[in-house]
A.B. asks: 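Pasting a structure here, questions to come.
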Amino acid sequence: DWTAADVVKVPVTDLQLEQFTKWINKQVGKKYDLLGIFGLWLKRRWQDDDAWFCSELLVAGMHKFKIVKVDSQPHRITPQMMYDGLKGKV
């Protein structure tokens, strides 16, 4: 259902939120990782270290500041995997 949205609240400390926000803001203006998203689906490591796709960016930042533990490389995490992990489904 493309008309619905779900909000996932992730517990963070004030410090984690500050660090994550600063880091995310430094990513503004970087390219969209088109090769990375294709590599994700084709199981290839084609991501660009200076570009991001949505779940890759969020997972990398949350992992960097120990908001979540990630057992896979951020460029291997699909949006659905991120959602399921944050909802405690995996």
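Here, residue 1 is the first one in the sequence, and each next residue gets the next number. Just so it is clear, the structure is predicted and the values come from calculations on it, not from any experiment.
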A.B. asks: Mind listing the closest non-hydrogen atom pair of Ala60 and Trp23 along with its distance?
C.D. replies: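 Looks like CB-CH2, 4.0 Å.
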A.B. asks: Yes or no on side-chain contact (heavy atoms from CB on, under 4.5 Å) for Tyr83 and Gln80, after CA distance, side-chain angles and deciding distance?
C.D. replies: CA-CA 5 Å; Tyr83 175 80; Gln80 186 67 53; 3.6 Å; yes
A.B. asks: Does Met62 form a side-chain contact (heavy atoms from CB on, under 4.5 Å) with Met82? I'd like the steps, not just the answer.
C.D. replies: CA-CA 11 Å; Met62 289 189 291; Met82 180 182 71; 4.2 Å; yes
A.B. asks: Does the pair Phe53 and Tyr32 meet the rule for a side-chain contact (heavy atoms from CB on, under 4.5 Å), with working shown?
C.D. replies: CA-CA 6 Å; Phe53 57 87; Tyr32 184 79; 3.7 Å; yes
A.B. asks: Using 0.5 Å steps for rounding, measure from the NZ atom of Lys87 to the CG atom of Asp6.
C.D. replies: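 Here the interatomic distance stands at 4.5 Å.
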A.B. asks: Taking a hydrophobic cluster as the set of Ile, Leu, Val, Met, Phe, Trp and Tyr residues connected by side-chain heavy atoms closer than 4.5 Å, whether directly or through intermediates, do Ile67 and Leu15 fall within one such cluster?
C.D. replies: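 Looking at the clustering, Leu15 is in a separate group from Ile67.
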A.B. asks: Please determine which of Leu58, Leu86, Leu17 meets the side chain to side chain contact (heavy atoms under 4.5 Å, CB included) test together with Val10.
C.D. replies: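 Considering Leu58, Leu86, Leu17, a side chain to side chain contact (heavy atoms under 4.5 Å, CB included) with Val10 is found only for Leu86.
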A.B. asks: For Gln16 versus Phe65, what's the shortest heavy-atom pair and its separation?
C.D. replies: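 Taking every non-hydrogen atom into account, NE2-O, 3.1 Å.
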A.B. asks: Between the main-chain N or O of Ile24 and the side-chain N or O of Gln27, is there a donor-acceptor pair closer than 3.5 Å?
C.D. replies: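 No: the side chain of Gln27 does not pair with the backbone of Ile24.
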